[in-house]
Structures are given as structure tokens and as C-alpha cells.
Amino acid sequence: MTKIVILTGAGISAESGIETFRAEDGLWAKHRVEDVVTPEGYQRDPKRVLDFYNERRAQAASVEPNAAHFALARLEAEHDGEVVVITQNVDDLHERGGTQALYHMHGALSGALCAVCHHRWPAPMQMAIEDPCPSCETPATRPDIVWFGEMPYEMDTLFDHLTQADIFVAIGTSGNVYPAAGFVAEARKAGAHTIEFNLEKSAVGNQFAEHRIGPASQTVTDWVNNILAT
Ligand code: APR
């Protein structure tokens with residue numbers, strides 16, 4: 001019963017119509033990272049940050065999961081071993097594609113967090129800085145998203161999964177951001193077979209035993225069909 005651990009990045013949502021971060025026309029070509037995904041940026045101009053995430057929340061709600069999301073859900077439902085998805089993405093396309101065992105290590109657009117009392121609640125579609133925290137009533141709301149310099153969520157649990165993986169797969173991530181970019185090394189240390197799905201080799205591509213080059217909607221679907229046929 002092989003355990004499969006899957007890490008996904010922005011590339012798995014690209015064919016659904018959500019731009020990635022580091023493509024020429026990606027998010028980091030239009031926004032300064034230090035302004036919209038750092039605690040300092042939020043302190044400096046919280047409205048700019050909330051508006052950035054309001055746009056992304058609206059965009060995520062306007063697109064659909066693609067064949068790669070659905071293929072991973074089918075793998076989880078039909079594979080006889082455990083399948084776990086760890087996503088760096090903050091959209092809800094894996095949930096809407098049917099994946100159950102899912103970790104949002106960088107948080108999710110669907111969550112709101114109070115910057116003062118750390119209360120969490122479901123985010124409204126549009127967040128405004130004057131919205132009071134439902135618990136402490138301070139107007140200090142922020143998206144429940146992990147910014148640069150903050151600790152990704154559930155790291156102990158994620159490392160447990162990595163050490164138990166028989167197959168580790170990375171889909172649509174450029175391998176530029178740690179700790180996610182270090183997951184392949186952890187999985188290899190644990191003896192996992194490693195496969196990278198991408199349009200090109202990522203920054204950590206040389207650490208993978210196998211590469212499936214092409215659009216994830218095609219390559220992931222083909223891979224899942226093969227796995228389930230054997
Ligand atoms: N199929 C497969 N891979 C694709 C596709 C596709 N259709 N389209 C793009 N890709 C690949 C790109 O080649 C690239 O390697 O997806 C990757 C996207 O890389 P990034 O834009 O860097 O996104 P990601 O790796 O998820 O970024 C990681 O950085 O900015 C932070 O917190 C943010 O979670 C994000 C983290």
C-alpha cells in the first residue's frame with residue numbers, strides 16, 4: 001500500500017485561469033512582494049494588502065478546478081494507499097476538485113485572522129480594514145495567509161507525512177520558496193521515489209528522480225490513470 005504525498009504550487013491552478021507568481025506576466029510582475037505579502041507591508045498599508053487579497057478571492061471564485069485537480073481527487077478516492085495533498089496555493093480549487101486530505105501550508109483565501117487576538121473566522125468575499133474582529137472587536141483583520149517571514153502551518157505534521165512517503169510528487173511549483181522547496185530532499189532521505197510535474201525543470205528539479213514535462217492537466221491525469229490501472 002504505497003503512500004503518496006503531493007506538493008502543489010501555483011502551476012496546478014494556472015490552467016484554471018489563475019496567474020502564477022513568477023511567470024513574466026505573473027503576480028510578482030504587477031505587485032511588489034514587500035507591499036502585499038509581508039507583515040511589514042500590512043503594517044504600512046493594510047488596505048493595499050486587503051485589496052490585493054480581495055482581488056485574488058474574487059478571481060478564485062470566478063474560475064473552476066481543472067483536470068489536474070480532479071485527477072488528484074480521483075487518485076485519493078481510488079488508490080489503495082494513503083494520498084495526502086500539501087498545497088502552497090491559497091485558492092480552494094483542490095477542495096472544489098474533491099480532495100479531502102489537504103493541507104494549506106500557506107493558509108487560504110477563505111480564512112480571516114485578527115492581527116491582534118489571532119481569532120479566526122470565515123473570510124467575507126471582500127475584507128475591509130474597518131471590519132471589527134468578531135471576537136475582540138478591534139479593526140485589525142487580515143487574511144489567514146502565511147506571509148514571508150512567517151511560519152507555514154502544520155509543519156510537524158507535514159514532515160511526518162514526508163518521512164512516510166513512498167512516492168513524493170511536486171506539481172507546478174518553481175522550487176524558489178522554502179520550506180516547501182526542501183520537501184523533496186526530506187522525502188528522498190526517507191527513501192521515497194520523487195517525480196516533478198512542471199513545464200520545465202524547477203530550481204530543485206535536479207533532486208527529483210523523474211520529470212513529467214507538460215501542462216499539469218495532461219501530465220497529472222495521465223500519471224493518475226497509469227497508477228490506477230496497475
Ligand atoms: N502545468 C504545470 N506547471 C506549470 C503550469 C502548468 N500548466 N503553469 C506553470 N507551471 C509551473 C511554472 O513552470 C513554475 O515552475 O508552475 C510553477 C509556478 O511557480 P511560482 O509562480 O513560483 O509559484 P509557486 O512555486 O507556487 O510559488 C511558491 O511563493 O510567492 C510565494 O507564497 C507564494 O505559495 C507561493 C510560493
Side-chain angles (χ1 to χ4, degrees), residues 6-42 49 52-53 55-57 59-60 63-72 85-94 97 102-111 113 142-155 158 168-185 194-208 210-224:
I6 298 156
L7 171 69
T8 64
I12 199 171
S13 297
E15 291 167 85
S16 293
I18 296 182
E19 69 263 68
T20 62
F21 292 96
R22 293 172 180 84
E24 253 104 70
D25 56 349
L27 276 169
W28 297 154
K30 301 167 195 149
H31 302 273
R32 286 170 9 118
V33 169
E34 54 275 28
D35 287 343
V36 292
V37 287
T38 63
E40 298 75 18
Y42 177 76
V49 173
F52 173 72
Y53 285 101
E55 281 165 31
R56 297 183 64 201
R57 199 173 293 107
Q59 185 191 40
V63 300
E64 296 300 322
N66 64 60
H69 297 103
F70 291 119
L72 294 186
V85 175
I86 303 167
T87 188
Q88 299 171 90
N89 301 339
V90 294
D91 63 55
D92 62 351
L93 296 181
H94 280 300
L102 175 66
Y103 296 87
H104 274 281
M105 65 180 289
H106 290 167
L109 289 167
S110 58
L113 170 68
R142 57 170 278 185
D144 189 5
I145 295 214
V146 178
W147 289 331
F148 282 102
E150 296 181 328
M151 180 55 79
Y153 292 148
E154 306 190 78
M155 287 303 295
L158 301 189
F168 173 74
V169 165
I171 303 170
T173 182
S174 61
N176 281 301
V177 176
Y178 286 79
F183 285 2
V184 56
T194 54
I195 314 172
E196 182 174 72
F197 291 78
N198 203 308
L199 298 178
E200 59 190 7
K201 255 192 182 179
S202 76
V204 291
N206 290 336
Q207 298 182 39
F208 286 83
E210 217 185 310
H211 297 88
R212 306 286 174 96
I213 301 293
S217 64
Q218 196 52 57
T219 57
V220 174
T221 306
D222 293 347
W223 173 67
V224 167

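Order of appearance sets the numbers: ligands from 1, and atoms from 1 within every ligand.
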Sequence neighbours excluded, the answer for ring pair (Phe, Tyr, Trp, His ring centres under 6.0 Å) partners of F168 is none
Sequence-distant partners of E40, salt bridge (Lys or Arg N to Asp or Glu O under 4.0 Å), two or more places apart =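 Scan of E40 (salt bridge (Lys or Arg N to Asp or Glu O under 4.0 Å), adjacent residues dropped) gives none.
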Subject >> E154: salt bridge (Lys or Arg N to Asp or Glu O under 4.0 Å) partners, not counting sequence neighbours >> reply: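 Once residues adjacent in sequence are excluded, E154 has no partner under the salt bridge (Lys or Arg N to Asp or Glu O under 4.0 Å) criterion.
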Chain-and-number sorted residues having a heavy-atom contact under 4.0 Å with ligand 1 are G9, A10, G11, A14, E15, T20, F21, R22, W28, Q88, H106, F148, G172, T173, S174, V177, N198, L199, E200, G214, P215, A216
Q) Under the side-chain hydrogen bond (donor to acceptor under 3.5 Å, both in side chains) criterion, do S217 and N66 qualify, and how do the steps go? A) CA-CA 6 Å; S217 64; N66 64 60; 5.5 Å; no
Check: If we only count heavy atoms from C-beta on, is the D25 to E19 side-chain gap below 4.5 Å?
Finding: no
No-hydrogen, no-angle side-chain donor-acceptor test under 3.5 Å, S110 and D92:
no
